[in-house]
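Notes to accompany the following structure.
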Amino acid sequence: MDTLNRRRFLALSGLSAMGAWLGTASVLAAERDAAGLLPRNLWTSPRFASSPFTVGVASGDPTPDGAVLWTRLAPQPLEFGSGMPPRPLLVHWEVAADPQMRQVVQHGASLAHPELGHAVHVELAGLLPARPYWYRFSVADHHSAVGMTRTLPAADAPVDLLRFAVAGCQHYEEGHFTAWRHIAEEPLDFVFHYGDYIYEGASQPGVRSMNGRPFTNLRNHVGEQTYTLDDYRRRYAQYKTDPDLQAAHAAAPWFVTFDDHEVDNNWAGAQDQDGTPSEVFLLRRAQAFQAYYENMPLRRSALPRNGHMQLYRRARFGRLMDLHVLDTRQYRSRQVPIADRTQVESPARSIVGAGQEQWLFDGLADRAPRWHTIAHQVSLGNYAREKDGVIVSSDDQWSGYLDSRRRLLEHIQRTGQGNVVTACGDAHRHYASDLVQDNRDSGIISSEFLATSITSGADGQGEDEFARNTLRHSPHLRAVTDKRGYVLCEVTDKHWIGDMKILDQVMKPGGTLSRWRRYAVEHGRPGLQEA
Ligand SMILES: [Fe+2]
(Lines give C-alpha, C1' and ligand atoms only; values in the text may rest on other atoms or scores of the structure.)
Protein backbone atom coordinates (compact mmCIF):
# COMPACT_ATOMS: atom_id res chain seq x y z
CA MET A 1 0.00 0.00 0.00
CA ASP A 2 1.44 3.38 -0.90
CA THR A 3 1.54 6.39 1.36
CA LEU A 4 -1.47 8.01 -0.21
CA ASN A 5 -3.60 4.93 0.28
CA ARG A 6 -2.39 4.57 3.80
CA ARG A 7 -3.34 8.13 4.59
CA ARG A 8 -6.70 7.58 3.01
CA PHE A 9 -7.21 4.55 5.23
CA LEU A 10 -6.35 6.44 8.34
CA ALA A 11 -8.90 9.03 7.39
CA LEU A 12 -11.57 6.48 6.55
CA SER A 13 -11.31 3.87 9.25
CA GLY A 14 -9.98 6.03 12.01
CA LEU A 15 -7.08 3.63 12.26
CA SER A 16 -5.08 1.43 10.08
CA ALA A 17 -3.46 -0.75 8.55
CA MET A 18 0.11 -1.46 7.58
CA GLY A 19 1.59 -4.24 9.56
CA ALA A 20 -1.56 -5.11 11.44
CA TRP A 21 -0.32 -8.67 11.38
CA LEU A 22 3.15 -7.85 12.63
CA GLY A 23 2.01 -8.09 16.22
CA THR A 24 -0.24 -5.99 18.38
CA ALA A 25 2.46 -4.09 20.24
CA SER A 26 4.23 -2.80 17.15
CA VAL A 27 0.97 -1.89 15.50
CA LEU A 28 -0.20 -0.02 18.54
CA ALA A 29 3.02 1.91 18.81
CA ALA A 30 2.98 2.72 15.11
CA GLU A 31 -0.62 3.79 15.17
CA ARG A 32 -0.22 5.93 18.23
CA ASP A 33 2.75 7.66 16.65
CA ALA A 34 1.07 8.02 13.29
CA ALA A 35 -2.32 9.21 14.30
CA GLY A 36 -2.52 9.75 18.03
CA LEU A 37 -5.95 8.17 17.83
CA LEU A 38 -5.80 5.26 20.24
CA PRO A 39 -7.81 5.82 23.38
CA ARG A 40 -5.96 5.67 26.66
CA ASN A 41 -8.31 3.03 28.02
CA LEU A 42 -7.64 0.65 25.11
CA TRP A 43 -7.93 -3.03 25.97
CA THR A 44 -4.55 -4.00 24.58
CA SER A 45 -4.56 -7.77 25.18
CA PRO A 46 -8.12 -8.96 24.65
CA ARG A 47 -8.92 -12.57 25.55
CA PHE A 48 -12.24 -14.34 25.05
CA ALA A 49 -13.42 -17.64 26.54
CA SER A 50 -15.64 -18.11 23.49
CA SER A 51 -15.90 -16.48 20.08
CA PRO A 52 -17.05 -12.86 20.14
CA PHE A 53 -18.32 -13.27 16.55
CA THR A 54 -21.77 -14.63 17.40
CA VAL A 55 -23.89 -12.16 15.44
CA GLY A 56 -22.24 -12.55 12.06
CA VAL A 57 -20.76 -10.14 9.57
CA ALA A 58 -22.34 -7.85 7.00
CA SER A 59 -21.52 -5.38 4.29
CA GLY A 60 -23.50 -2.54 2.83
CA ASP A 61 -23.78 0.76 0.99
CA PRO A 62 -21.22 -0.15 -1.70
CA THR A 63 -19.65 2.46 -3.98
CA PRO A 64 -17.59 1.86 -7.14
CA ASP A 65 -14.45 1.63 -4.99
CA GLY A 66 -15.61 0.34 -1.62
CA ALA A 67 -18.29 -0.74 0.81
CA VAL A 68 -18.96 -0.77 4.54
CA LEU A 69 -17.88 -3.89 6.40
CA TRP A 70 -19.62 -4.59 9.68
CA THR A 71 -19.46 -6.82 12.69
CA ARG A 72 -20.20 -6.51 16.38
CA LEU A 73 -18.39 -8.25 19.23
CA ALA A 74 -20.84 -10.15 21.42
CA PRO A 75 -19.48 -13.27 23.16
CA GLN A 76 -22.73 -13.42 25.19
CA PRO A 77 -25.25 -11.92 22.76
CA LEU A 78 -28.34 -12.30 24.95
CA GLU A 79 -26.85 -10.61 28.01
CA PHE A 80 -26.96 -6.86 28.57
CA GLY A 81 -23.47 -5.74 27.61
CA SER A 82 -23.09 -8.82 25.36
CA GLY A 83 -20.35 -10.21 27.61
CA MET A 84 -17.94 -7.41 26.67
CA PRO A 85 -15.94 -5.31 29.13
CA PRO A 86 -16.62 -1.56 28.85
CA ARG A 87 -13.36 -0.80 27.07
CA PRO A 88 -12.45 -0.12 23.45
CA LEU A 89 -10.31 -2.59 21.54
CA LEU A 90 -8.89 -3.10 18.08
CA VAL A 91 -10.53 -5.49 15.65
CA HIS A 92 -8.51 -6.55 12.62
CA TRP A 93 -10.01 -6.95 9.17
CA GLU A 94 -8.89 -8.33 5.85
CA VAL A 95 -10.28 -7.93 2.34
CA ALA A 96 -9.35 -10.51 -0.28
CA ALA A 97 -9.90 -11.09 -3.97
CA ASP A 98 -10.77 -14.76 -3.38
CA PRO A 99 -13.12 -16.64 -1.05
CA GLN A 100 -10.23 -18.53 0.55
CA MET A 101 -8.77 -15.19 1.69
CA ARG A 102 -5.38 -15.97 0.12
CA GLN A 103 -5.06 -12.84 -2.03
CA VAL A 104 -5.46 -10.18 0.63
CA VAL A 105 -5.74 -6.79 -1.04
CA GLN A 106 -6.33 -4.63 2.02
CA HIS A 107 -6.17 -5.10 5.76
CA GLY A 108 -6.33 -2.95 8.82
CA ALA A 109 -7.61 -2.51 12.34
CA SER A 110 -10.61 -0.57 13.55
CA LEU A 111 -11.73 0.36 17.02
CA ALA A 112 -14.73 -1.33 18.59
CA HIS A 113 -16.05 1.21 21.08
CA PRO A 114 -18.19 0.34 24.09
CA GLU A 115 -20.18 3.51 23.33
CA LEU A 116 -21.27 1.81 20.10
CA GLY A 117 -21.91 -1.64 21.54
CA HIS A 118 -18.52 -2.83 20.24
CA ALA A 119 -19.75 -2.55 16.67
CA VAL A 120 -17.17 -2.17 13.91
CA HIS A 121 -17.89 -0.22 10.73
CA VAL A 122 -15.05 -0.21 8.21
CA GLU A 123 -15.48 2.11 5.23
CA LEU A 124 -13.36 0.67 2.43
CA ALA A 125 -11.98 2.65 -0.49
CA GLY A 126 -9.52 2.02 -3.28
CA LEU A 127 -11.09 -1.22 -4.56
CA LEU A 128 -11.94 -2.03 -8.18
CA PRO A 129 -15.49 -1.45 -9.47
CA ALA A 130 -18.09 -4.15 -10.20
CA ARG A 131 -16.37 -7.07 -8.61
CA PRO A 132 -16.76 -9.31 -5.57
CA TYR A 133 -14.48 -9.14 -2.55
CA TRP A 134 -14.35 -11.37 0.51
CA TYR A 135 -13.68 -10.17 4.03
CA ARG A 136 -13.36 -11.30 7.61
CA PHE A 137 -12.57 -9.92 11.04
CA SER A 138 -10.34 -11.23 13.79
CA VAL A 139 -9.60 -10.42 17.39
CA ALA A 140 -7.38 -12.33 19.81
CA ASP A 141 -7.40 -15.87 18.39
CA HIS A 142 -10.88 -15.70 16.95
CA HIS A 143 -11.92 -15.25 13.32
CA SER A 144 -15.33 -14.24 12.05
CA ALA A 145 -17.10 -15.98 9.21
CA VAL A 146 -16.02 -14.88 5.74
CA GLY A 147 -18.48 -12.56 4.01
CA MET A 148 -18.74 -11.52 0.39
CA THR A 149 -19.37 -8.00 -0.79
CA ARG A 150 -19.46 -6.41 -4.20
CA THR A 151 -18.46 -2.95 -5.38
CA LEU A 152 -20.77 -0.95 -7.64
CA PRO A 153 -20.05 -0.51 -11.34
CA ALA A 154 -18.38 2.76 -12.25
CA ALA A 155 -20.99 5.51 -12.59
CA ASP A 156 -20.66 5.67 -16.38
CA ALA A 157 -20.22 1.94 -17.01
CA PRO A 158 -22.67 -0.07 -19.11
CA VAL A 159 -24.40 -2.78 -17.06
CA ASP A 160 -26.23 -5.70 -18.67
CA LEU A 161 -28.01 -7.15 -15.67
CA LEU A 162 -28.69 -6.31 -12.04
CA ARG A 163 -30.15 -8.84 -9.65
CA PHE A 164 -31.32 -7.95 -6.18
CA ALA A 165 -33.72 -9.16 -3.51
CA VAL A 166 -36.32 -7.06 -1.70
CA ALA A 167 -37.25 -8.34 1.76
CA GLY A 168 -38.12 -7.36 5.33
CA CYS A 169 -40.63 -7.84 8.17
CA GLN A 170 -38.82 -10.62 9.98
CA HIS A 171 -40.74 -11.25 13.20
CA TYR A 172 -38.52 -13.64 15.13
CA GLU A 173 -41.39 -15.34 16.91
CA GLU A 174 -43.46 -16.03 13.81
CA GLY A 175 -41.31 -18.32 11.72
CA HIS A 176 -37.99 -19.64 10.53
CA PHE A 177 -35.86 -17.28 8.47
CA THR A 178 -35.88 -19.80 5.60
CA ALA A 179 -36.39 -17.04 3.06
CA TRP A 180 -33.05 -15.54 4.12
CA ARG A 181 -31.37 -18.88 3.46
CA HIS A 182 -32.78 -18.89 -0.07
CA ILE A 183 -31.73 -15.27 -0.59
CA ALA A 184 -28.21 -16.24 0.54
CA GLU A 185 -28.14 -18.83 -2.23
CA GLU A 186 -29.26 -16.45 -5.00
CA PRO A 187 -26.56 -14.80 -7.11
CA LEU A 188 -27.27 -11.20 -6.12
CA ASP A 189 -25.72 -7.81 -6.58
CA PHE A 190 -27.38 -6.57 -3.40
CA VAL A 191 -30.27 -6.93 -0.96
CA PHE A 192 -32.69 -4.11 -0.16
CA HIS A 193 -34.14 -4.47 3.35
CA TYR A 194 -37.23 -2.30 3.61
CA GLY A 195 -37.51 -2.41 7.40
CA ASP A 196 -39.02 -4.17 10.40
CA TYR A 197 -35.66 -5.81 10.99
CA ILE A 198 -36.69 -6.31 14.61
CA TYR A 199 -40.03 -6.13 16.37
CA GLU A 200 -40.06 -4.15 19.58
CA GLY A 201 -42.73 -6.03 21.49
CA ALA A 202 -42.45 -8.26 24.53
CA SER A 203 -42.81 -11.95 23.91
CA GLN A 204 -46.34 -13.31 23.84
CA PRO A 205 -45.91 -16.91 24.94
CA GLY A 206 -48.89 -19.26 24.98
CA VAL A 207 -51.75 -19.46 22.55
CA ARG A 208 -52.73 -16.21 20.85
CA SER A 209 -54.76 -15.31 17.79
CA MET A 210 -53.08 -14.89 14.38
CA ASN A 211 -55.29 -13.99 11.41
CA GLY A 212 -58.28 -15.29 13.35
CA ARG A 213 -56.66 -18.63 14.15
CA PRO A 214 -55.00 -19.99 17.30
CA PHE A 215 -51.24 -19.49 17.12
CA THR A 216 -48.26 -20.33 19.31
CA ASN A 217 -44.88 -18.65 18.86
CA LEU A 218 -42.17 -20.63 17.15
CA ARG A 219 -39.60 -18.98 19.46
CA ASN A 220 -39.79 -16.17 21.98
CA HIS A 221 -38.34 -12.70 22.23
CA VAL A 222 -36.04 -12.25 25.21
CA GLY A 223 -37.14 -9.40 27.45
CA GLU A 224 -39.93 -6.90 27.67
CA GLN A 225 -40.83 -4.29 25.08
CA THR A 226 -37.67 -2.44 24.01
CA TYR A 227 -37.19 1.04 25.44
CA THR A 228 -33.52 1.39 26.35
CA LEU A 229 -30.38 1.10 24.28
CA ASP A 230 -29.57 -2.15 26.09
CA ASP A 231 -33.04 -3.52 25.25
CA TYR A 232 -32.67 -2.71 21.55
CA ARG A 233 -29.10 -4.02 21.43
CA ARG A 234 -30.18 -7.32 22.92
CA ARG A 235 -33.14 -7.60 20.54
CA TYR A 236 -30.87 -7.11 17.50
CA ALA A 237 -28.42 -9.61 18.96
CA GLN A 238 -31.17 -12.19 19.36
CA TYR A 239 -32.34 -11.78 15.77
CA LYS A 240 -28.78 -11.80 14.48
CA THR A 241 -27.93 -15.10 16.12
CA ASP A 242 -30.14 -16.69 13.46
CA PRO A 243 -27.88 -18.60 11.01
CA ASP A 244 -30.10 -18.00 7.97
CA LEU A 245 -30.09 -14.23 8.53
CA GLN A 246 -26.31 -14.34 9.04
CA ALA A 247 -25.92 -16.26 5.77
CA ALA A 248 -27.89 -13.65 3.83
CA HIS A 249 -25.81 -10.81 5.30
CA ALA A 250 -22.60 -12.66 4.47
CA ALA A 251 -23.69 -13.31 0.87
CA ALA A 252 -24.11 -9.79 -0.56
CA PRO A 253 -24.02 -6.11 0.35
CA TRP A 254 -27.26 -4.69 1.73
CA PHE A 255 -28.97 -1.35 1.49
CA VAL A 256 -31.09 -0.99 4.60
CA THR A 257 -33.72 1.40 5.81
CA PHE A 258 -35.92 1.24 8.87
CA ASP A 259 -39.69 1.20 9.10
CA ASP A 260 -41.66 1.45 12.33
CA HIS A 261 -40.80 -1.60 14.45
CA GLU A 262 -37.14 -0.69 14.76
CA VAL A 263 -38.50 1.99 17.13
CA ASP A 264 -42.18 1.45 17.92
CA ASN A 265 -45.29 0.42 15.99
CA ASN A 266 -46.51 3.17 13.64
CA TRP A 267 -44.31 5.93 15.01
CA ALA A 268 -44.40 9.12 12.98
CA GLY A 269 -41.73 11.80 13.30
CA ALA A 270 -41.56 12.80 16.94
CA GLN A 271 -44.71 10.92 17.91
CA ASP A 272 -45.58 7.42 19.01
CA GLN A 273 -49.03 5.91 18.87
CA ASP A 274 -49.58 6.07 22.63
CA GLY A 275 -49.62 9.84 23.02
CA THR A 276 -46.27 9.97 24.82
CA PRO A 277 -45.01 13.58 24.94
CA SER A 278 -42.70 14.14 21.95
CA GLU A 279 -39.72 15.21 24.03
CA VAL A 280 -40.03 11.95 25.96
CA PHE A 281 -40.61 9.71 22.93
CA LEU A 282 -37.57 11.26 21.24
CA LEU A 283 -35.40 9.89 24.06
CA ARG A 284 -36.56 6.39 23.19
CA ARG A 285 -36.23 7.04 19.46
CA ALA A 286 -32.64 8.20 19.92
CA GLN A 287 -31.74 4.93 21.64
CA ALA A 288 -33.46 2.91 18.91
CA PHE A 289 -31.62 4.89 16.21
CA GLN A 290 -28.29 4.26 17.92
CA ALA A 291 -28.95 0.52 18.14
CA TYR A 292 -30.00 0.50 14.48
CA TYR A 293 -26.78 2.23 13.44
CA GLU A 294 -24.72 -0.10 15.58
CA ASN A 295 -26.26 -3.18 14.01
CA MET A 296 -26.37 -2.22 10.34
CA PRO A 297 -23.62 -1.90 7.72
CA LEU A 298 -24.17 1.86 7.43
CA ARG A 299 -21.75 4.65 6.64
CA ARG A 300 -20.61 7.12 9.27
CA SER A 301 -22.84 9.67 7.56
CA ALA A 302 -25.74 7.72 9.13
CA LEU A 303 -24.36 7.91 12.68
CA PRO A 304 -27.14 9.51 14.74
CA ARG A 305 -26.44 13.10 15.69
CA ASN A 306 -28.65 15.13 18.01
CA GLY A 307 -31.37 12.51 17.73
CA HIS A 308 -31.46 12.62 13.91
CA MET A 309 -30.30 9.91 11.54
CA GLN A 310 -29.58 10.54 7.83
CA LEU A 311 -30.94 7.46 6.13
CA TYR A 312 -32.31 8.51 2.75
CA ARG A 313 -29.63 8.14 0.12
CA ARG A 314 -28.92 7.09 -3.46
CA ALA A 315 -26.77 4.56 -5.24
CA ARG A 316 -25.93 4.48 -8.96
CA PHE A 317 -25.48 1.17 -10.74
CA GLY A 318 -23.60 2.38 -13.79
CA ARG A 319 -25.86 3.61 -16.55
CA LEU A 320 -28.53 1.02 -15.77
CA MET A 321 -30.23 2.08 -12.53
CA ASP A 322 -30.37 4.58 -9.70
CA LEU A 323 -31.66 3.29 -6.36
CA HIS A 324 -33.39 5.88 -4.17
CA VAL A 325 -33.63 4.60 -0.61
CA LEU A 326 -36.26 6.51 1.37
CA ASP A 327 -37.00 7.23 5.02
CA THR A 328 -40.78 7.52 5.33
CA ARG A 329 -40.83 7.56 9.15
CA GLN A 330 -38.57 10.27 10.47
CA TYR A 331 -40.07 13.23 8.59
CA ARG A 332 -43.70 12.16 8.24
CA SER A 333 -46.71 13.96 9.63
CA ARG A 334 -48.77 12.15 12.19
CA GLN A 335 -51.34 9.63 10.92
CA VAL A 336 -54.96 10.78 10.80
CA PRO A 337 -58.16 8.72 10.61
CA ILE A 338 -58.53 7.53 7.01
CA ALA A 339 -62.18 8.71 6.99
CA ASP A 340 -61.06 12.31 7.60
CA ARG A 341 -60.56 13.12 3.92
CA THR A 342 -59.74 16.79 4.53
CA GLN A 343 -56.76 15.78 6.64
CA VAL A 344 -55.81 12.76 4.50
CA GLU A 345 -55.67 14.98 1.40
CA SER A 346 -54.20 18.04 3.10
CA PRO A 347 -51.10 19.47 1.34
CA ALA A 348 -49.87 20.45 4.78
CA ARG A 349 -49.19 16.78 5.58
CA SER A 350 -46.34 14.73 4.14
CA ILE A 351 -44.98 11.20 4.41
CA VAL A 352 -41.43 12.14 3.38
CA GLY A 353 -41.04 15.77 4.45
CA ALA A 354 -40.25 18.69 2.15
CA GLY A 355 -36.47 18.23 2.06
CA GLN A 356 -36.53 14.56 1.20
CA GLU A 357 -39.28 15.09 -1.36
CA GLN A 358 -37.21 17.66 -3.22
CA TRP A 359 -34.15 15.39 -3.04
CA LEU A 360 -36.21 12.52 -4.47
CA PHE A 361 -37.73 14.67 -7.21
CA ASP A 362 -34.27 15.92 -8.22
CA GLY A 363 -32.99 12.35 -8.41
CA LEU A 364 -35.94 11.08 -10.42
CA ALA A 365 -35.51 13.89 -12.94
CA ASP A 366 -31.99 12.71 -13.77
CA ARG A 367 -31.95 11.33 -17.31
CA ALA A 368 -28.60 9.55 -16.90
CA PRO A 369 -29.82 6.17 -15.54
CA ARG A 370 -31.95 3.89 -17.67
CA TRP A 371 -34.15 2.99 -14.66
CA HIS A 372 -35.10 4.58 -11.37
CA THR A 373 -36.03 2.31 -8.46
CA ILE A 374 -37.67 3.86 -5.41
CA ALA A 375 -36.78 1.61 -2.47
CA HIS A 376 -39.05 2.43 0.42
CA GLN A 377 -41.11 1.09 3.28
CA VAL A 378 -44.87 1.22 2.84
CA SER A 379 -47.29 0.79 -0.02
CA LEU A 380 -47.65 3.51 -2.64
CA GLY A 381 -50.54 1.59 -4.21
CA ASN A 382 -53.93 2.64 -2.90
CA TYR A 383 -55.20 -0.71 -1.69
CA ALA A 384 -58.80 -0.56 -0.55
CA ARG A 385 -61.15 -3.14 0.87
CA GLU A 386 -64.59 -3.29 2.36
CA LYS A 387 -64.93 -3.48 6.10
CA ASP A 388 -68.33 -3.40 7.79
CA GLY A 389 -69.91 -1.88 4.68
CA VAL A 390 -67.30 0.88 4.38
CA ILE A 391 -64.39 1.08 1.91
CA VAL A 392 -61.19 1.47 3.89
CA SER A 393 -57.49 1.82 3.23
CA SER A 394 -54.44 2.23 5.47
CA ASP A 395 -53.77 5.43 7.39
CA ASP A 396 -50.09 4.44 7.77
CA GLN A 397 -49.20 4.03 4.08
CA TRP A 398 -49.05 6.58 1.25
CA SER A 399 -52.85 6.20 1.06
CA GLY A 400 -52.98 8.14 4.34
CA TYR A 401 -50.86 10.95 2.84
CA LEU A 402 -52.65 11.48 -0.44
CA ASP A 403 -51.12 14.82 -1.34
CA SER A 404 -47.60 13.35 -1.02
CA ARG A 405 -48.72 10.48 -3.22
CA ARG A 406 -50.28 12.78 -5.83
CA ARG A 407 -47.21 15.00 -5.98
CA LEU A 408 -44.88 12.04 -6.43
CA LEU A 409 -46.98 10.42 -9.16
CA GLU A 410 -47.38 13.77 -10.92
CA HIS A 411 -43.63 14.25 -10.81
CA ILE A 412 -43.00 10.77 -12.20
CA GLN A 413 -45.50 11.38 -14.98
CA ARG A 414 -44.02 14.76 -15.83
CA THR A 415 -40.32 13.92 -15.71
CA GLY A 416 -40.10 10.15 -15.98
CA GLN A 417 -39.47 8.14 -19.12
CA GLY A 418 -41.74 5.25 -18.22
CA ASN A 419 -38.78 4.00 -16.21
CA VAL A 420 -39.73 4.33 -12.53
CA VAL A 421 -40.57 1.24 -10.46
CA THR A 422 -41.12 1.09 -6.72
CA ALA A 423 -40.20 -1.69 -4.30
CA CYS A 424 -41.41 -1.76 -0.73
CA GLY A 425 -42.99 -3.97 1.93
CA ASP A 426 -44.68 -3.68 5.34
CA ALA A 427 -48.02 -5.29 4.46
CA HIS A 428 -47.01 -8.90 5.15
CA ARG A 429 -48.36 -9.87 1.74
CA HIS A 430 -47.06 -9.76 -1.80
CA TYR A 431 -48.84 -7.09 -3.83
CA ALA A 432 -48.17 -6.54 -7.53
CA SER A 433 -49.85 -3.39 -8.75
CA ASP A 434 -49.87 -0.60 -11.28
CA LEU A 435 -49.89 2.93 -9.90
CA VAL A 436 -52.43 5.51 -11.03
CA GLN A 437 -53.64 8.82 -9.61
CA ASP A 438 -56.44 8.42 -7.09
CA ASN A 439 -58.47 11.41 -8.19
CA ARG A 440 -58.47 11.28 -11.97
CA ASP A 441 -57.88 9.11 -14.98
CA SER A 442 -54.11 9.51 -15.21
CA GLY A 443 -53.34 6.28 -17.00
CA ILE A 444 -50.71 3.97 -15.57
CA ILE A 445 -47.77 5.98 -14.26
CA SER A 446 -45.60 3.39 -12.54
CA SER A 447 -45.74 -0.06 -10.94
CA GLU A 448 -45.10 -1.41 -7.49
CA PHE A 449 -43.64 -4.67 -6.26
CA LEU A 450 -44.54 -4.90 -2.59
CA ALA A 451 -42.62 -7.77 -1.01
CA THR A 452 -44.29 -9.99 1.54
CA SER A 453 -42.68 -10.66 4.92
CA ILE A 454 -39.83 -13.01 5.71
CA THR A 455 -41.91 -14.37 8.63
CA SER A 456 -44.36 -11.81 10.04
CA GLY A 457 -47.83 -13.30 10.00
CA ALA A 458 -46.47 -16.88 10.14
CA ASP A 459 -47.43 -19.40 7.43
CA GLY A 460 -50.29 -17.43 5.84
CA GLN A 461 -53.22 -18.82 3.92
CA GLY A 462 -52.45 -17.66 0.38
CA GLU A 463 -55.11 -15.95 -1.68
CA ASP A 464 -57.66 -15.67 1.13
CA GLU A 465 -60.83 -13.64 1.66
CA PHE A 466 -58.80 -10.55 2.59
CA ALA A 467 -57.01 -10.88 -0.75
CA ARG A 468 -60.24 -11.33 -2.72
CA ASN A 469 -61.84 -8.41 -0.92
CA THR A 470 -58.83 -6.16 -1.67
CA LEU A 471 -58.72 -7.24 -5.32
CA ARG A 472 -62.43 -6.40 -5.70
CA HIS A 473 -61.88 -2.84 -4.47
CA SER A 474 -58.42 -2.09 -5.90
CA PRO A 475 -58.77 -2.06 -9.69
CA HIS A 476 -55.04 -1.66 -10.43
CA LEU A 477 -53.93 -4.41 -8.06
CA ARG A 478 -53.01 -7.48 -10.10
CA ALA A 479 -52.40 -10.08 -7.42
CA VAL A 480 -52.03 -10.48 -3.67
CA THR A 481 -51.11 -13.34 -1.33
CA ASP A 482 -50.15 -13.61 2.32
CA LYS A 483 -47.57 -16.39 1.94
CA ARG A 484 -44.03 -15.54 3.14
CA GLY A 485 -41.07 -14.89 0.85
CA TYR A 486 -39.33 -12.12 -1.04
CA VAL A 487 -39.13 -10.46 -4.45
CA LEU A 488 -36.19 -11.27 -6.69
CA CYS A 489 -35.63 -8.38 -9.10
CA GLU A 490 -33.83 -8.50 -12.44
CA VAL A 491 -33.14 -5.29 -14.29
CA THR A 492 -31.88 -5.10 -17.86
CA ASP A 493 -31.89 -2.37 -20.49
CA LYS A 494 -35.30 -3.48 -21.70
CA HIS A 495 -37.11 -4.87 -18.62
CA TRP A 496 -37.53 -4.49 -14.88
CA ILE A 497 -38.74 -7.89 -13.70
CA GLY A 498 -40.13 -8.81 -10.28
CA ASP A 499 -40.08 -12.51 -9.54
CA MET A 500 -42.31 -12.95 -6.50
CA LYS A 501 -41.20 -15.94 -4.43
CA ILE A 502 -43.23 -17.71 -1.76
CA LEU A 503 -42.57 -20.43 0.81
CA ASP A 504 -45.10 -23.15 1.55
CA GLN A 505 -44.35 -22.82 5.27
CA VAL A 506 -42.17 -20.98 7.77
CA MET A 507 -43.35 -22.54 11.04
CA LYS A 508 -41.36 -25.65 10.19
CA PRO A 509 -37.76 -25.54 8.93
CA GLY A 510 -36.89 -26.19 5.30
CA GLY A 511 -39.95 -24.63 3.66
CA THR A 512 -40.17 -25.13 -0.10
CA LEU A 513 -39.65 -22.05 -2.26
CA SER A 514 -41.63 -21.50 -5.43
CA ARG A 515 -42.44 -18.77 -7.90
CA TRP A 516 -45.82 -17.23 -7.18
CA ARG A 517 -46.03 -14.51 -9.87
CA ARG A 518 -43.53 -12.94 -12.23
CA TYR A 519 -44.22 -9.57 -13.84
CA ALA A 520 -42.14 -7.40 -16.12
CA VAL A 521 -42.21 -3.67 -16.78
CA GLU A 522 -40.99 -2.77 -20.23
CA HIS A 523 -38.80 0.31 -20.46
CA GLY A 524 -40.81 3.28 -21.69
CA ARG A 525 -44.13 1.49 -21.26
CA PRO A 526 -45.43 1.72 -17.67
CA GLY A 527 -47.53 -1.19 -16.41
CA LEU A 528 -47.06 -4.79 -15.35
CA GLN A 529 -46.93 -7.52 -17.96
CA GLU A 530 -47.01 -11.25 -17.27
CA ALA A 531 -43.49 -12.58 -17.64
FE1 LIG B 1 -43.79 -5.63 9.55
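For CZ of Arg305, the number of neighbouring non-hydrogen atoms (other residues, nucleotides, ligands) closer than 6.0 Å is greater than 12. Atom CD of Glu224 has 12 or fewer heavy atoms from other residues, nucleotides or ligands within 6.0 Å.
Applying the side-chain hydrogen bond (donor to acceptor under 3.5 Å, both in side chains) criterion to Thr226, with sequence neighbours excluded, gives no partner residue. For His372, the ring-ring contact (aromatic ring centres under 6.0 Å, His included) criterion is met by His324, not counting sequence neighbours.
For the pair His261 (side chain) and Val263 (backbone), a donor-acceptor distance under 3.5 Å is absent. When atom types are taken as modelled, the side chain of Gln377 and the backbone of Leu326 share a donor-acceptor pair closer than 3.5 angstrom. A donor-acceptor pair under 3.5 Å is absent between the side-chain atoms of Gln225 and the main chain of Ser203, judged by distance alone. Under a 3.5 Å cut-off, the side chain of Arg484 and the backbone N or O of Ser456 do form a donor-acceptor pair. Side-chain atoms of Thr71 come within 3.5 Å of backbone atoms of Gly56 as a donor-acceptor pair (strictly under, hydrogens ignored). Without hydrogens or angle criteria, Thr455 side chain to Ala458 main chain gives no donor-acceptor distance under 3.5 Å. Under the 3.5 Å distance criterion, the side-chain polar atoms of Trp70 are matched with a main-chain donor or acceptor of Glu294. Side chain of Glu123 to main chain of Val68: no donor-acceptor pair is present (N/O by atom type, distance under 3.5 Å, no hydrogens or angles). Put simply, the side chain of Gln287 never gets that close to the backbone of Thr228: no donor and acceptor are under 3.5 Å apart.
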Side chain to side chain contact (heavy atoms under 4.5 Å, CB included) between His92 and His107, worked out: CA-CA 7 Å; His92 298 278; His107 58 84; over 6 Å; no

Cys169/Tyr199 under side chain to side chain contact (heavy atoms under 4.5 Å, CB included): CA gap, chis, key distance, verdict: CA-CA 8 Å; Cys169 287; Tyr199 283 77; 3.4 Å; yes

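With salt bridges taken as basic N to acidic carboxylate O contacts below 4.0 Å, none links Asp242 and Lys240. Ion pairing between Arg313 and Asp61 holds under the 4.0 Å rule for side-chain N and carboxylate O. Under a 4.0 Å N-O distance rule, the pair Asp464/Arg429 qualifies as a salt bridge. For the pair Asp260 and Arg332, the salt-bridge criterion is not met [side-chain N within less than 4.0 Å of a carboxylate O]. Using a cutoff of 4.0 Å between basic side-chain nitrogens and carboxylate oxygens, Glu200 and Arg234 are not scored as salt-bridged. Salt bridge absent: Arg163 and Asp189 never bring a charged side-chain N and a carboxylate O closer than 4.0 Å. At a threshold of 4.0 Å, the pair Arg284-Asp264 counts as salt-bridged, since one of the basic side-chain nitrogens sits closer than that to a carboxylate oxygen.
For the pair Arg235 and Tyr239, the cation does not sit on the ring face, since its NZ or CZ is not both under 6.0 Å from the ring centre and inside 45° of the axis. Figure legend: Arg233 and Tyr292 shown without cation-pi pairing, the cationic atom not lying both under 6.0 angstrom from the six-membered ring centre and within 45 degrees of its axis.
Closest of all the heavy-atom pairs between His376 and Tyr194 is O-CB, 3.3 Å. Of all non-hydrogen atoms in Val480 and Leu477, the two that sit nearest each other are CG1-CD2, 4.1 Å.
Ring to ring, Tyr486 and Trp180 are not that close: their centroids are 6.0 angstrom or more apart. Aromatic ring centroids of His113 and His121 lie 6.0 Å or more apart. Within the 6.0 Å centre-distance limit, the rings of Phe255 and Phe190 are counted as a close aromatic pair. Checked against the 6.0 Å centroid threshold, Trp516 and Phe449 do not count as a close aromatic pair. A ring-centre distance under 6.0 Å is found for Phe258 and Phe289.
Arg72 places a side-chain heavy atom less than 4.5 Å from the side chain of Asn295.
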